[in-house]
Amino acid sequence: MFQVTSKLALTAEHEGLVIGLFEKPEKFSGALAKLDEKFDGQLTELVKSGDISAKLKSNSKLHTFSKIGSKRIWFVGLGKEKDLTFDKLKEAFGKLFKDLKASKLEEAAVYLDSFLTDELDGLEAAHALSEAFSLATYQFKDYKQKSNEPEKKLKSLTVYCEGFEREEIQASLSVGFAFGNGTNSARTLVNIPGNLLTATDMANYAEELADKYDFEIEILDKAEIEKLGMGAFLAVNQGSTEPPKMIVLKYQGKDEWKDVIGLVGKGITFDTGGYSIKTKAGIVGMKTDMGGAAAVLGAMEIIGETRPEQNVVAVIPSTDNMISGQAFKPDDVITSMCGKTIEVLNTDAEGRLVLADAVTYAKHHGAEYLVDVATLTGGVITALGLHTTGAMTNHESLYEQVLEASAEAGEQMWLLPLFESEKERVKNSKVADLNNSPGSEGHALVAGAFIGEFAEGTPWVHLDIAGTATTAKGNDLGPAGATGVMTRTLALFVERFEPIEK
Ligand code: BES
Ligand code: MN
Ligand code: ZN
């Protein structure tokens with residue numbers, strides 16, 4: 001997909017040449033000045049008149065009438081040089097690639113040096129470019145019977161970069177591409193409807209990942225889950241005709257299996273709410289209730305590509321939450337794998353039940369640090385809206401590391417409190433150690449507090465993505481639908497992880 005060339009040649013033939021343009025009053029310099037010469041100073045005039053805009057994210061297309069090798073030039077407005085950030089650059093590239101796609105270009109070249117600032121070097125720009133390409137051009141293959149006309153899409157991108165080693169740029173492009181592709185895989189899993197993505201399908205998908213990236217894999221079937229006593233996970237599956245799967249992937253990047261990071265993702269393939277059934281409006285969209293599992297699998301794909309020196313165990317409890325004569329009910333008391341008993345007050349609070357056993361199982365596999373990701377509560381949407389993932393933790397410095405990764409990935413998160421008051425509420429049951437739904441106030445907080453009871457003393461961060469896993473509107477870096485949120489944050493967290501002194 002990406003070819004790197006060190007020197008920009010204006011005679012080289014391309015369907016389109018992409019050049020970054022900062023807002024600056026002075027005259028063009030460097031390659032832009034040379035280009036301007038070819039057009040007898042007309043480019044300067046077009047910028048002055050505003051026909052070519054340097055405003056952030058305004059792209060201008062210019063036909064070259066064979067004055068240079070490329071048929072067209074795309075000027076990508078970058079705004080003021082000092083204001084350009086990695087995130088903004090990614091968005092600007094995203095918008096560019098959407099434009100190139102709309103123009104049906106199959107080949108293009110980018111002059112990367114024109115996008116660099118004092119703060120953003122060629123390696124970062126290369127990462128931004130390839131990640132944006134992958135994210136922005138993502139499209140879910142839907143199920144419409146449309147014509148079989150093959151779609152035109154960008155197949156080859158030449159990257160000119162004069163100031164950096166070609167190999168280094170190539171490596172950055174590969175990493176950015178892996179981050180984008182991992183996110184897209186997560187998006188696809190979330191976009192697939194529940195009838196076409198069962199727990200068994202999810203397990204098969206994990207199997208493919210394991211084959212491709214040489215992960216160790218363990219898929220527990222129903223009998224094995226029963227044998228291990230995962231009563232909380234089993235209760236949620238009880239009303240289903242689809243068997244549950246506990247999916248475990250292991251990536252070992254260190255000589256010894258120590259400092260193990262556990263990534264746990266909620267994998268509810270469809271959430272009806274069970275007997276505490278959802279409303280007919282609230283149930284639509286519940287195919288996305290495996291967004292946490294998708295983020296974990298997407299991150300594992302990135303980890304498989306980038307192979308960091310870390311140890312990771314990914315644990316995904318997968319089932320749907322259905323109704324039948326067999327289904328679990330409010331008032332039932334169930335026993336989780338770690339022995340804690342749970343009074344079920346609401347069968348729609350199923351995510352925390354499957355995660356309880358998954359967290360316990362991650363610890364059995366040696367996880368010393370835990371991050372769980374889940375489309376867990378409508379409450380987090382009330383608290384933080386649709387653009388911010390809600391976090392909770394029992395360990396501030398572990399959270400710091402997750403937060404830093406999220407900032408670098410451009411995915412917003414905000415820490416919600418884990419107070420004694422909520423820990424008390426989840427323990428308030430007359431008949432069991434815990435209850436799964438102590439009233440609707442502060443939904444997000446009690447759900448997190450419940451999972452924390454299973455993390456116990458292990459450093460743990462909980463990420464509630466109910467608001468951020470999907471979006472009704474597309475943006476520069478992707479269409480409406482699944483966002484693949486937290487895929488990149490998890491992968492970066494793993495890559496940068498520093499074990500915490502105990
Ligand atoms: N899967 C839902 C949470 C959810 C809501 C995800 C909206 C995506 C969008 C979860 O299982 C659930 O039903 N949560 C309940 C908990 C309540 C019953 C205590 C909720 O938040 O309403
Ligand atoms: Mn639910
Ligand atoms: Zn759910």
Side-chain angles (χ1 to χ4, degrees), residues 175 178-179 182 186 206 209-210 212-218 220 228 246-266 292-293 295-317 337-338 355-374 389 391-409 411 413 415 418 448 451-463 486-502:
V175 172
F179 272 71
L209 268 191
K212 180 157 182 200
Y213 295 115
D214 211 17
F215 298 141
E216 207 181 297
I217 183 162
E218 177 188 60
L220 300 181
L228 285 164
M246 183 66 88
I247 302 164
V248 181
L249 288 173
K250 278 189 193 172
Y251 165 80
Q252 184 165 351
K254 297 187 185 200
D255 293 340
E256 283 173 68
W257 188 246
K258 57 166 195 188
D259 299 325
V260 180
I261 304 168
L263 302 179
V264 179
K266 173 177 173 182
V296 169
L297 290 170
M300 289 305 284
E301 179 179 333
I302 299 172
I303 289 164
E305 288 285 339
T306 57
R307 309 206 81 81
E309 277 180 34
Q310 305 285 0
N311 292 331
V312 183
V313 57
V315 179
I316 293 167
M337 184 186 181
C338 74
L355 289 169
D357 283 338
V359 160
T360 302
Y361 201 49
K363 290 200 282 185
H364 275 241
H365 275 285
E368 292 161 65
Y369 307 90
L370 291 164
V371 180
D372 81 76
V373 192
T389 293
M392 288 174 72
T393 189
N394 63 7
H395 198 286
E396 267 178 41
S397 68
L398 181 66
Y399 176 66
E400 275 311 308
Q401 295 197 35
V402 176
L403 180 67
E404 273 170 33
S406 79
E408 195 177 334
E411 301 187 306
M413 67 172 57
L415 190 63
L418 176 60
I451 299 167
E453 290 302 312
F454 295 85
E456 296 182 292
T458 305
W460 154 80
V461 172
H462 159 65
L463 301 172
M486 292 301 124
T487 302
R488 281 167 286 146
T489 293
L490 289 181
L492 271 173
F493 162 70
V494 166
E495 188 176 318
R496 307 251 190 272
F497 178 68
E498 300 272 0
I500 293 157
E501 279 186 40
K502 285 170 205 157

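Small disclaimer: the values here were computed from a predicted structure and weren't measured.
- Remark: the backbone N or O of G304 is paired with a side-chain donor or acceptor of R307 at under 3.5 angstrom.
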Item to check | Pair M413-M486, side-chain contact (heavy atoms from CB on, under 4.5 Å): steps then yes or no | outcome: CA-CA 10 Å; M413 67 172 57; M486 292 301 124; 3.7 Å; yes

If you apply the rule side-chain contact (heavy atoms from CB on, under 4.5 Å), what do you find for F215 with V312, and how did you get there? CA-CA 10 Å; F215 298 141; V312 183; over 6 Å; no

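- Here the closest non-hydrogen pair linking Y399 and L415 is OH-N, 3.6 Å.
- M392 contributes atom CE, which lies 8.5 Å from atom CD1 of I451 (distance to the nearest 0.5 angstrom).
- When all heavy atoms of G298 and T487 are compared, the pair lying nearest together is C-CG2, 3.4 Å.
- The backbone N or O of T489 sits less than 3.5 Å from a side-chain atom of E411, completing a donor-acceptor pair.
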Q) E301 and L209: side-chain contact (heavy atoms from CB on, under 4.5 Å), yes or no, with the steps? A) CA-CA 7 Å; E301 179 179 333; L209 268 191; 4.1 Å; yes

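- Atom NZ of K254 has more than 12 heavy atoms from other residues, nucleotides or ligands within 6.0 Å.
- In this structure, D259 contributes its side chain and Q310 its backbone to no donor-acceptor pair below 3.5 Å.
- Using the six-membered ring where Trp is involved, Y361 and H365 have ring planes that are perpendicular, over 60° apart on the 30 and 60° scheme.
- Panel note: side chain Y251, backbone P308; a donor-acceptor pair is recorded below 3.5 Å.
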task = Give the intermediate values and the outcome of side-chain contact (heavy atoms from CB on, under 4.5 Å) for residues W460 and L398.
result = CA-CA 7 Å; W460 154 80; L398 181 66; 5.5 Å; no

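- Residues Y369 and P499 form a side-chain contact, since some pair of their non-hydrogen atoms from C-beta on lies under 4.5 Å apart.
- In this structure, the side chain of N394 engages the main chain of T458 through a donor-acceptor pair within 3.5 Å.
- At distances below 3.5 Å, not a single donor-acceptor pair connects side-chain atoms of E453 with backbone N or O atoms of E456.
- One finds the NZ atom of K258 at 9.5 Å from the CD atom of E368 (value rounded to the nearest 0.5 Å).
- Considering L249, L370, V494 in turn, V494 is the only one that fulfils the side-chain contact (heavy atoms from CB on, under 4.5 Å) rule with L263.
- Here Y213 contributes atom OH and I303 contributes atom CD1; the two are 11.0 Å apart, rounded to the nearest 0.5 Å.
- Taking both residues in full, the closest heavy atoms of V264 and A358 are given as CG1-CB, 3.6 Å, listed atom of the first, atom of the second, then distance.
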